[in-house]
Participant: 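Here's a structure for you.
Source: prediction; values computed, not measured. The figures that follow rest on heavy atoms only: side chains count, while hydrogens, waters and symmetry mates do not. So you know, we letter chains A, B, ... as the sequences are listed, proteins then strands, and number each from 1.
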Amino acid sequence: MNPQQEQQASALMVRAQQGDAAAYTELLTMLAAASRQYARNRLGDVPWLDDVAQETLLTVHKARRTYDGRRPFAPWFYAILSRRMIDVLRRERRISAREIVAEVLPEPLAPAESPSAVDPDRVEAALGALPSRQREVVSALKLRDESVKEVSARLGMSESAVKVTAHRGYRALRRLLGRPES
Amino acid sequence: MRSDDLIAQLASRAVPVQPLPSPRLRLMAWSALALACGAVGVAAFGPRFNLEAVAGDPAFLLLGAIAAGVGAVAAGASLVLAVPGAERSPSLRVATVALFGVWAIALVALIVRGGQGFAAASHWYTCFARVGLIGLLPAVTLFVMLRRAAPLQLGWTSALAAIGAMGIGALAIHFICPLTDAAHALLGHLGPVLTIGWLGGWTVKSLLK
């Protein structure tokens with residue numbers, strides 16, 4: 001925050017203290033950008049820059065009556081920002097120390113005798129019995145791991161049409177395999 | 001929630017607010033109330049019978065000044081800490097700890113010089129309870145004042161507030177308790193300031209959020 005921005009922020013805060021919602025919106029927008037920039041400079045491009053900004057805005061809102069318009073704005077604001085950044089950093093470290101990201105969890109295996117297990121040949125036969133457009137969409141999404149976007153681009157369909165076709169295909173497959181509708 | 005939504009939500013709550021007076025003014029207001037509470041405490045429990053005799057004693061004056069200093073400096077530090085960015089240097093916190101240290105060292109030196117240890121420390125628990133009682137209203141008032149501000153270092157703020165309020169209690173008990181034994185003063189006069197200050201730092205801080 002340069003001296004000019006600081007003067008502007010101070011003037012906006014004084015107006016916000018008088019109940020000026022437009023000035024307050026402008027101020028909070030400016031402070032959110034400054035918070036993200038400050039946190040990015042110190043922590044790098046971490047995914048929770050927005051958390052720092054939002055926590056800071058909430059504290060600014062709660063603390064706005066403590067700002068004295070005759071005093072510089074930057075020390076007041078950066079005291080809040082640095083404290084909230086430390087809080088978010090601690091919280092993220094705690095989370096990363098105690099939680100395991102979902103990608104490293106093993107895929108749950110269906111037991112061999114599970115009644116839900118189906119014969120791959122029957123699935124292939126049922127897939128072959130689907131209308132061609134449904135078969136193509138289901139195969140692309142489930143067997144070739146293509147995304148909805150890729151399938152819609154390749155088949156010249158809208159993304160919602162791909163989703164609707166896939167949904168109908170899944171229902172038809174369940175029926176063909178003698179499985180209950182979920 | 002996106003930041004833009006949060007900003008819109010906060011801006012919709014942009015009601016006029018009255019900026020808080022400076023920490024110095026708030027400290028003066030709190031001190032007036034705290035001293036009044038101390039005076040009420042002295043009147044309620046009765047001033048010590050030997051007040052006139054000890055009034056000119058340097059040790060009495062020094063310990064009274066230290067208790068008052070701890071109360072005022074600690075309360076002032078907590079009020080400064082409750083305003084973001086107002087603490088330019090940790091001098092007030094350092095001064096509180098230093099005064100506290102001088103108080104404790106002076107009492108320990110007097111105990112050592114007396115040569116009786118803690119054997120003569122009687123009825124200290126009565127003074128302990130009275131200090132807590134006299135400091136209760138100043139503590140609650142200071143807590144409310146801090147809640148209206150925005151403390152960021154909750155542990156320090158609440159501990160200093162509790163020490164400040166109990167410092168006033170200790171100052172009042174100085175005029176109530178006729179016992180001159182240093183061990184009694186350490187346990188019954190300084191003890192609650194330390195204990196309740198420490199407890200305050202741990203228990204009250206979550207209420208300041």
Participant: Got a sec: does the CZ of A/Arg154 have more than 12 other heavy atoms crowding it under 6.0 Å?
Facilitator: yes
Participant: Quick one: what part of A/Ala16 sits under 4.5 Å from any heavy atom of chain B, side chain, backbone, both or neither?
Facilitator: backbone
Participant: If you count every heavy atom of other residues, nucleotides or ligands that lies below 6.0 Å from A/Arg70 atom CZ, does the total exceed 12?
Facilitator: no
Participant: Starting at CD of A/Glu26, measure out to CD1 of B/Ile7 and round the result to the nearest 0.5 Å.
Facilitator: 11.5 Å
Participant: Looking at B/Pro23, B/Ser12, B/Pro21, B/Ala14, which makes the most heavy-atom pairs under 4.5 Å with chain A?
Facilitator: B/Ala14
Participant: Drop me the distance from B/Gln9's CD to A/Leu28's CG, to the nearest 0.5 angstrom.
Facilitator: 11.5 Å
Participant: When you compare the side chain of A/Arg65 with that of B/Pro19, does any pair of heavy atoms fall below 4.5 Å?
Facilitator: no
Participant: Give a yes or no on this: more than 12 heavy atoms of other residues, nucleotides or ligands lie within 6.0 Å of atom CD of A/Gln7.
Facilitator: no
Participant: Is the number of heavy atoms from other residues, nucleotides or ligands under 6.0 Å of B/Arg24 CZ greater than 12?
Facilitator: no
Participant: Heavy-atom distance under 4.5 Å to chain B: side chain of A/Ser82, backbone, both or neither?
Facilitator: neither
Participant: Do A/Thr25 and B/Leu10 come close enough that some side-chain heavy atom pair is under 4.5 Å?
Facilitator: no
Participant: If you compare all heavy atoms of B/Ser3 against all heavy atoms of A/Asp50, which two are closest, and at what distance to 0.1 Å?
Facilitator: OG-OD1, 3.6 Å
Participant: Write out, in numerical order, the residues from residues 162-172 of chain B with a heavy atom short of 4.5 Å from a heavy atom in chain A.
Facilitator: none
Participant: Measure across A/Thr66 and B/Ala150 and return the closest heavy-atom pair with its distance rounded to 0.1 Å.
Facilitator: CG2-N, 3.8 Å
Participant: Answer with side chain, backbone, both or neither: which region of A/Gln18 has an atom nearer than 4.5 Å to a non-hydrogen atom of chain B?
Facilitator: backbone
Participant: Quick one: which of A/Arg71, A/Arg64, A/Arg36, A/Lys62 has the most heavy-atom pairs under 4.5 Å with chain B, could you say?
Facilitator: A/Arg64
Participant: Evaluate whether atom CZ of B/Arg113 has more than 12 neighbouring non-hydrogen atoms of other residues, nucleotides or ligands under 6.0 angstrom away.
Facilitator: no
Participant: Does B/Leu152 reach the side chain of A/Arg84, with side-chain heavy atoms less than 4.5 Å apart?
Facilitator: yes
Participant: Would you say B/Leu20 and A/Asp68 make side-chain contact, with heavy atoms under 4.5 Å?
Facilitator: no
Participant: Is it true that, when you exclude A/Glu124 itself, more than 12 heavy atoms of the residues, nucleotides or ligands shown sit nearer than 6.0 Å to its CD?
Facilitator: no
Participant: Please table the atom pairs, donor to acceptor, closer than 3.5 Å between any side-chain atom in residues 82-100 of chain B and protein atoms at least two apart or in another chain.
Facilitator:
| from | atom 1 | to | atom 2 | distance (Å) |
| --- | --- | --- | --- | --- |
| B/Glu87 | OE1 | B/Arg93 | NH2 | 2.6 |
| B/Glu87 | OE2 | B/Arg93 | NE | 2.8 |
| B/Glu87 | OE2 | B/Arg93 | NH2 | 3.2 |
| B/Ser89 | OG | B/Ser91 | N | 3.4 |
| B/Ser89 | OG | B/Ser91 | OG | 3.1 |
| B/Arg93 | NH1 | B/Gln153 | OE1 | 3.4 |
| B/Thr96 | OG1 | B/Leu92 | O | 2.9 |

